[in-house]
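All chains are named by letter (A, B, ...) in the order of the sequence lines, taking the proteins before the strands, and each is independently numbered beginning at 1.
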There are 2 protein chains.
Amino acid sequence: MPKNREQDVCEVKSVDKAKVMAVKKSMPSDRDMHNLSEIFSVLADPARTKIIYALSKEELCVCDIANILGNSISAVSHQLRILRNMRLVKFRKEAKRVYYSLDDRHINRLFNEGLKHVRE
Amino acid sequence: MPKNREQDVCEVKSVDKAKVMAVKKSMPSDRDMHNLSEIFSVLADPARTKIIYALSKEELCVCDIANILGNSISAVSHQLRILRNMRLVKFRKEAKRVYYSLDDRHINRLFNEGLKHVRE
DNA sequence: TGATTATTTGAACAATTGTTCAAATATAAT
DNA sequence: ATTATATTTGAACAATTGTTCAAATAATCA
């Protein structure tokens, strides 16, 4: 997203080297951190959190999801593509319709943990 | 972020009204959903997840946080402002330095739940 | 076959994001 | 007072996001 001209990034002097070393050492890998924020990104949009909530309750076709959210079908379909790419949802076709459902064990726990946070 | 010209949004016909009604009824409020995705947004950036992880281990000054992340001090300070505004971190001044620490019980559980997800 | 319905897709666009750079504060040391 | 150090702040900017619109598929029906 930014420019990252890789300049004066970290000629930054450490104040407490021991602490810094310890934290650096225990820090999860960049790869893990990247994946972690990626999964949180999915939940960082109200339309997507609503879709995930809805699908945690019922298997639904695109049309009914759009109806529940109050969004256009196209917008919902775009969001579903993101969820599909992240393998959070699966789908099956029935006649003209496509039915989506959750395809991830953990995502619901994440959702509920977040809701707890919101509600204090 | 978008335009939302509020057009043909939901002349969308419902296929299974019973399901749609049931899900709509149990759906958390728009306010809750907004707050929920807002808290997930905070974790949707690797720099911020790293800061949160670091502060879960140690109280740290801005300089040392920058050192741990390998980011500029300015970038870190901007991110800390976001975390401050969300009341996820608190700080105290000591001489010229400002020490930050976590100020939220739940955020760590959210982080760990997410990490579990990432690591399958 | 052609018409209808459900969904997907891609381009366009405004809004938002996260970083950099430079300048402003704040605090301590000389 | 002046200097040095630590942090914050605001403007600028490129990248990304999420929606709309129009057109493309897919599947069923007359």
Side-chain angles (χ1 to χ4, degrees), chain A residues 1-16 33-34 37-38 40-51 60-67 69-86 89-100, chain B residues 1-16 33-34 37-38 40-51 60-67 69-86 89-100:
Chain A
M1 192 170 297
K3 290 167 278 186
N4 236 325
R5 263 163 266 175
E6 199 81 26
Q7 186 187 359
D8 90 296
V9 167
C10 237
E11 40 188 64
V12 168
K13 292 196 181 182
S14 174
V15 169
D16 187 331
M33 285 311 217
H34 172 85
S37 46
E38 192 177 40
F40 283 125
S41 299
V42 173
L43 294 160
D45 175 74
R48 281 191 302 267
T49 52
K50 286 179 191 172
I51 291 176
L60 291 162
C61 68
V62 179
C63 177
D64 281 355
I65 297 173
N67 194 309
L69 303 208
N71 288 348
S72 75
I73 293 202
S74 177
V76 167
S77 183
H78 279 295
Q79 299 292 14
L80 284 169
R81 184 161 47 85
I82 293 173
L83 298 175
R84 243 159 40 219
N85 291 344
M86 296 287 293
V89 300
K90 60 179 187 291
F91 62 95
R92 70 181 173 86
K93 296 196 167 193
E94 181 178 316
K96 276 174 276 186
R97 268 172 249 110
V98 181
Y99 282 87
Y100 282 83
Chain B
M1 192 171 299
K3 291 167 277 188
N4 234 323
R5 263 163 267 175
E6 198 84 28
Q7 186 186 357
D8 88 300
V9 167
C10 236
E11 44 190 58
V12 170
K13 291 195 180 182
S14 175
V15 171
D16 187 331
M33 285 311 218
H34 172 85
S37 46
E38 192 176 41
F40 283 125
S41 299
V42 173
L43 295 160
D45 176 75
R48 281 192 302 267
T49 52
K50 286 179 191 172
I51 291 176
L60 292 162
C61 69
V62 178
C63 176
D64 281 355
I65 297 173
N67 193 308
L69 302 210
N71 287 347
S72 75
I73 293 204
S74 177
V76 167
S77 183
H78 278 296
Q79 300 291 16
L80 284 168
R81 184 160 48 85
I82 292 172
L83 298 175
R84 244 160 38 220
N85 290 343
M86 295 288 292
V89 301
K90 59 179 187 288
F91 63 95
R92 69 180 174 86
K93 297 197 167 192
E94 181 180 316
K96 274 174 275 186
R97 268 171 249 110
V98 180
Y99 282 87
Y100 283 84

- Could I get the full list of side-chain contact (heavy atoms from CB on, under 4.5 Å) partners for A:R84, not counting sequence neighbours? A:L80, A:R81, A:V89, A:F91, A:Y100
- Query: For B:Y100 and D:dT8, is the shortest distance between a side-chain N/O and OP1 or OP2 below 4.0 Å?
  - Reply: yes
- Task: Return the nearest nucleotide to the side chain of A:A75; candidates are C:dA26, D:dT19, C:dT8.
- Result: D:dT19
- Selected nucleotide, minimal atom distance to B:A47 side chain, candidates D:dT8, C:dT8, C:dT19: C:dT19
- Atom pair distance, as rounded to whole Å: CZ in A:F40 and P in C:dT17: 18 Å
- Roughly how many Å is it from CG in A:L69 to C1' in D:dT19, rounded to a whole number? 13 Å
- With nearest nucleotides of DNA chain D determined for B:L80 and A:S74 from heavy-atom distances, which residue corresponds to the more 5′ nucleotide? B:L80
- Message: Check the phosphate of C:dT17 against B:Q79, side-chain N and O only, distance under 4.0 Å to OP1 or OP2. Yes or no?
- Response: no
- Query: Any donor-acceptor pair under 3.5 Å linking the side chain of A:D64 with the backbone of B:D16?
  - Reply: yes
- Give a yes/no on whether any side-chain N or O of A:R48 is located under 4.0 angstrom from OP1 or OP2 of D:dT17. no
- Message: In this structure, how many angstroms lie between the P atom of D:dT17 and the CD atom of B:E38, rounded?
- Response: 18 Å
- Note on the structure: When A:R81 and B:V15 are each assigned the nearest nucleotide of DNA chain C, the 5'-most assignment goes to B:V15
- Could you tell me the separation between the CG atom of B:N85 and the C1' atom of C:dG18, rounded to a whole number of Å? 15 Å
- Quick one: CG on A:N71 to CD1 on A:I51, what's the gap to the nearest 0.5 Å? 7.5 Å
- Using atom CG of B:L60 as one end and atom P of D:dT7 as the other, report the distance to the nearest whole Å. 11 Å
- Message: It should be established whether A:S77 places a side-chain nitrogen or oxygen under 4.0 Å from OP1 or OP2 of nucleotide C:dT7.
- Response: no
- Item | Options C:dT7, C:dT9, C:dA28, nucleotide nearest the side-chain atoms of B:A95 | C:dA28
- Note on the structure: By nearest-nucleotide position on DNA chain C, the 5'-leaning member of A:K96 and A:F91 is A:K96
- Using whole Å, report how far NZ of A:K93 lies from P of D:dA26. 7 Å
- Message: Is it the case that the base of C:dT17 and the side chain of B:H78 share a donor-acceptor contact (distance under 3.5 Å, atom types as modelled)?
- Response: no
- Query: In whole angstrom, what separates B:I73's CD1 from C:dA22's C1'?
  - Reply: 15 Å
- Take the protein atom CD1 of B:I51 and the nucleotide atom P of C:dT19, then report the distance between them rounded to whole Å. 9 Å
- Identify, with sequence neighbours excluded, every residue that meets ring pair (Phe, Tyr, Trp, His ring centres under 6.0 Å) alongside A:Y99. none
- Taking only N and O in the side chain of B:R97, is any of them less than 4.0 Å away from OP1 or OP2 of C:dA26? no
- Task: Find out whether B:Q79 and B:V76 are in side-chain contact, i.e. whether some heavy atom of one side chain is under 4.5 Å from a heavy atom of the other.
- Result: no
